[in-house]
Amino acid sequence: MINICEVGPRDGLQNEKEIVSTADKVELINRLIKAGIKKIEAVSFVNPKVVPQMADAEQVMNSIPSHPEVSYSGLVLSRKGLDRALNTKIDTVNVVLAVSEQFNLKNARRSVKQSQEELVEVILETERAGRKPAGVLGTVFGCPYEGSVSIDKVFSIANSFIEAGCKEIVLADTTGMANPLQVKQVTESFVKAFGEEIELRLHFHNTRGLGLANTLAAYQAGVQSFDSSIAGLGGCPFAPKAVGNVCTEDMVNMFHRMSADTNLNLEELIKTSHWIENIIGRPLPGMVSKADCVKV
Ligand code: ZN
């Protein structure tokens, strides 16, 4: 079974300059749940002056339904973000650090070492509060400012997060620099280093058109958990020209056609994709929703 974590409400929307209303964000999440999505990155607890689109995180969390089968996660870059997160009903705290120095300075205004020390404390505190921490490492497959990124550094940070209590690690290709061979190598090395009891989730952006190819490479290397964004929404305010995440309905279509089940309703996802395209008011990158005859 493929586990898809929908990141459209956070990674997808955060790069939109026009503020999407809280009501529309809540409706998007409700529509995704109707399509069968069980894991949703719903909000981000970052400085609202820096990412105004996420300023209503608390209101969104207050307005979405509590559902025993649905797990909501929120992005946290610092101790301050954790305090906000713990005041909501968030289930999972996605603790985010970009492995490349320059990217992390722009994204979190901290050196990698400063972030790592602060976030290890955040992970411990998340556990004490009875919520689940997930360690998200950005720019794992390359950095737009520094180029290649040391995989030893990636694994050393992952190790510190795992030792602090993370049972789930997300390797993110923040600006779409990964290629399928690299994904295969990194994935296999990760499983060798940390074993299969640590859930590995991959997060690809489609900046250079390799999002689905990278997803397939990771799947063939044994990964079952992926992030994706409805309609291919997304980008990153700190990643020049980054485009959206791999599109949810395109990913689901690929897996279903390979007879790999996702437990998701592709037709409902496509309807949701059309709906959000209307809200955003311009064509979005997803492909399968544009095909005039979709057999599901
Ligand atoms: Zn992303």
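Both backbone and side-chain heavy atoms feed into the values below; hydrogens, waters and symmetry mates do not.
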Does a donor on one side chain and an acceptor on the other come within less than 3.5 Å for T22 and Q59?
-> no
Got a second to check how far I162's CD1 is from I157's CD1, nearest 0.5 Å?
-> 12.0 Å
Roughly how far, to the nearest 0.5 Å, is the OG atom of S148 from the CD atom of Q182?
-> 9.0 Å
Can you tell me how far CG of N245 sits from CD of E41, rounded to the nearest 0.5 angstrom?
-> 9.0 Å
Do side-chain atoms of S21 reach the backbone of D24 as a donor and acceptor pair under 3.5 angstrom?
-> yes
Closest contact, heavy atoms only, S160 versus Q116 | OG-NE2, 2.9 Å
So do N94 and R201 actually touch side chain to side chain, heavy atoms under 4.5 Å?
-> yes
Exercise: identify the closest heavy-atom pair between L97 and V112 = CD1-O, 3.8 Å
Can you tell me if CE on M258 sees more than 12 non-hydrogen neighbours from other groups inside 6.0 Å?
-> yes
Quick one: does K167's side chain have a donor or acceptor within less than 3.5 Å of a partner on P133's backbone?
-> no
Separation between CD1 (I37) and OG (S71), nearest 0.5 Å, reads 12.0 Å
M251 versus D227, closest heavy-atom pair with distance | CE-O, 3.6 Å
Does any N or O in the side chain of E101 come within less than 3.5 Å of the main-chain N or O of S111, such that one atom is a donor and the other an acceptor?
-> no
Atom of Y72, atom of A42 and distance for their closest heavy-atom approach | CD2-CB, 4.3 Å
Decide whether D173 and H203 meet the rule of one side-chain donor and one side-chain acceptor closer than 3.5 Å.
-> no
Please round to the nearest 0.5 Å and tell me the distance separating atom CD of E249 and atom CD1 of I4.
-> 10.5 Å
Relative to each other, are the rings of F155 and F190 parallel, tilted or perpendicular (30° and 60° limits)?
-> perpendicular
Between the main-chain N or O of A178 and the side-chain N or O of N214, is there a donor-acceptor pair closer than 3.5 Å?
-> yes
When you check the gap from the basic side-chain N to the acidic O, do R79 and E125 get nearer than 4.0 Å?
-> yes
In a check of side-chain contact (heavy atoms from CB on, under 4.5 Å) between S289 and each of I230, I270, N253, which one passes?
-> I270
Check: T92/S73 side-chain N/O donor and acceptor closer than 3.5 Å = no
Report yes if some heavy atom in the side chain of F45 is under 4.5 Å from a heavy atom in the side chain of T88; otherwise report no.
-> yes
E58 and R84 ion-paired at < 4.0 Å | yes
Parallel under 30°, tilted from 30 to 60°, perpendicular over 60°: which one fits the rings of F204 and F141?
-> tilted
Same apolar cluster (I L V M F W Y, side chains within < 4.5 Å links), L119/L124 = yes
Are side-chain heavy atoms of C5 and F226 found at a separation under 4.5 Å?
-> no
If we only count heavy atoms from C-beta on, is the V170 to L137 side-chain gap below 4.5 Å?
-> no
Does a side-chain heavy-atom distance below 4.5 Å link V154 with V149?
-> yes
K132 side chain near T126 side chain, heavy-atom distance below 4.5 Å | no
State, without any angle test, whether Q14 and S44 hold a side-chain donor-acceptor pair at a distance under 3.5 Å.
-> no
Okay, side chain of R131, backbone of V93: is any donor-acceptor separation there less than 3.5 Å?
-> no
Any donor-acceptor pair under 3.5 Å linking the side chain of D261 with the backbone of M1?
-> no
Below 4.0 angstrom, N of the basic side chain to O of the carboxylate: do K113 and E117 qualify?
-> yes
State, yes or no, whether a side-chain contact exists between E6 and K39 at a heavy-atom distance under 4.5 Å.
-> no
Do other residues, nucleotides or ligands put more than 12 heavy atoms under 6.0 Å from the CD atom of E197?
-> yes
Are the charged groups of E27 and K34 less than 4.0 angstrom apart, N to O?
-> no
What are the two closest heavy atoms between I198 and C166, and how far apart are they?
-> CD1-O, 3.9 Å
Distance from I123 atom CD1 to E127 atom CD, nearest 0.5 Å?
-> 9.0 Å
Tell me yes or no: between the side chains of H205 and T174, is some donor less than 3.5 Å from an acceptor?
-> no
Flag side-chain contact, heavy atom, 4.5 Å: N104 against V99 = no
Would M287 end up clustered with F255 when hydrophobic side chains under 4.5 Å apart are linked, directly or stepwise?
-> no
Sidechain N-carboxylate O distance under 4.0 Å for K271, E267 = no
Can you name the closest pair of heavy atoms from E16 and L233 and give their distance?
-> OE2-CD2, 4.1 Å
Criterion side-chain contact (heavy atoms from CB on, under 4.5 Å) on L13 and I280, from CA distance to verdict | CA-CA 9 Å; L13 292 183; I280 300 294; 4.0 Å; yes
Would you find a donor on one side and an acceptor on the other, under 3.5 Å apart, between the side chain of Q53 and the backbone of V20?
-> yes
